[in-house]
Amino acid sequence: QVQLVESGGGLVQAGGSLRLSCAASIRTFSRYVMGWFRQAAGKERELVAAISSSGGSTYYAKSMKGRITISRDNAKNTVYLQMNSLRPEDTAVYYCAARDNSGNYYITTADTTETNYDYWGQGTQVTVSS
C-alpha cells in the first residue's frame with residue numbers, strides 16, 4: 001500500500017518561510033517523479049513544482065518560481081518543498097503526489113499534468129497572514 005504523508009505546513013506571516021516534507025512508502029521511489037500541488041479555497045488544484053526521479057530535472061510554476069525549491073532524498077524516500085518570501089495568496093492546501101515515469105531523467109509535459117499522477121497525500125495546510 002503506497003502512502004504519501006506530508007508535513008511542515010502551518011501558519012506563517014507574509015515574508016516568512018516554510019519547508020514541507022513528504023515521506024513516501026514506495027519501494028521503487030527512484031522511479032517516480034514527485035510533484036507538489038496546491039489548492040486554494042474556491043480554486044482548482046495546480047502544480048507548483050516537480051522533480052524528476054534522479055533529482056536532476058525540476059519544474060516550477062511561474063506563480064512561485066524564484067521563491068521555492070524542490071528537492072528529494074531517494075535514500076530517505078522523501079521529497080521537500082522549501083518556500084520563501086511567502087505571500088497571503090500562497091495560502092492553500094499543499095499536496096504531494098507521485099508519478100511512475102520509469103525513472104526518466106527529465107521532467108516531461110506529462111509530468112506536469114495532474115491527472116497523470118498515480119498517488120496522492122492527504123495534504124497539509126499552509127496559511128500566510130498579511
Exercise. Is any side-chain heavy atom of Y117 closer than 4.5 Å to a side-chain heavy atom of V33?
Worked result: yes
Exercise. Of the non-hydrogen atoms in K43 and Q39, which two are nearest, and what is the gap between them?
Worked result: O-NE2, 3.1 Å
Exercise. Applying disulfide (SG to SG under 2.5 Å), which residue pairs with at least one partner in residues 100-130 are found, sequence neighbours left out?
Worked result: none
Problem set entry | Pairs touching residues 8-45 that satisfy disulfide (SG to SG under 2.5 Å), sequence neighbours left out | C22-C96
Problem set entry | Sequence-distant partners of N74, side chain to side chain donor-acceptor pair (under 3.5 Å), two or more places apart | R72
Problem set entry | Under 3.5 Å: donor-acceptor pair, side chain of E6, backbone of Q122 | yes
For this session: Output every pair passing disulfide (SG to SG under 2.5 Å) with a member in residues 32-79, not counting sequence neighbours, ordered by first then second residue.
Result: none
Exercise. Residues in salt bridge (charged side-chain N to carboxylate O under 4.0 Å, His left out) with E114, at least two apart?
Worked result: R45
Problem set entry | Partners meeting side chain to side chain donor-acceptor pair (under 3.5 Å) with T58 (sequence neighbours left out) | none
For this session: Quick one: list whatever passes salt bridge (charged side-chain N to carboxylate O under 4.0 Å, His left out) with D73, sequence neighbours left out.
Result: none
For this session: Kindly assign one of parallel, tilted or perpendicular to the pair W120 and F37, based on the angle between their ring planes and the thresholds 30° and 60°.
Result: tilted
Exercise. To the nearest 0.5 Å, what is the distance between CG (N116) and CG (D100)?
Worked result: 11.5 Å
For this session: Please go through Y60's hydrophobic cluster and name the other residues, only I, L, V, M, F, W, Y counting, with side-chain heavy atoms under 4.5 Å joining them.
Result: V2, L4, V12, L18, L20, I26, F29, Y32, M34, W36, V48, I51, M64, I68, I70, V79, L81, M83, L86, Y94, Y119, V126, V128
Exercise. Can you find a heavy atom in the side chain of Q13 that is under 4.5 Å from one in the side chain of S129?
Worked result: yes
Problem set entry | Closest non-hydrogen atom pair, A14 against S130 | CB-CA, 4.3 Å
Exercise. What's in the same ILVMFWY side-chain cluster as Y80, cut-off under 4.5 Å, chained through other members?
Worked result: none
Exercise. If only atom types and distance count, is the side chain of S25 paired as donor or acceptor with the main-chain N or O of Q3 below 3.5 Å?
Worked result: yes
For this session: Report, as yes or no, whether the 6.0 Å neighbourhood of atom CD on Q125 holds more than 12 heavy atoms from other residues, nucleotides or ligands.
Result: yes
Problem set entry | Set of residues satisfying side chain to side chain donor-acceptor pair (under 3.5 Å) with respect to S85, sequence neighbours excluded | none
Seminar exercise, completed: Note: T78 and S21 closest approach over all heavy atoms is CG2-CB, 4.4 Å
Exercise. After noting the C-alpha distance and the side-chain angles of Y59 and L47, does the key distance pass the side chain to side chain contact (heavy atoms under 4.5 Å, CB included) rule?
Worked result: CA-CA 9 Å; Y59 165 89; L47 175 67; 3.5 Å; yes
Exercise. For E46, which residues count as a side chain to side chain donor-acceptor pair (under 3.5 Å) partner, sequence neighbours excluded?
Worked result: R38
Problem set entry | Rounded distance [0.5 Å steps], CG in N101 versus OG in S52 | 8.0 Å
For this session: Check salt bridge (charged side-chain N to carboxylate O under 4.0 Å, His left out) between R67 and all other residues, then give those that pass, not counting sequence neighbours.
Result: D90
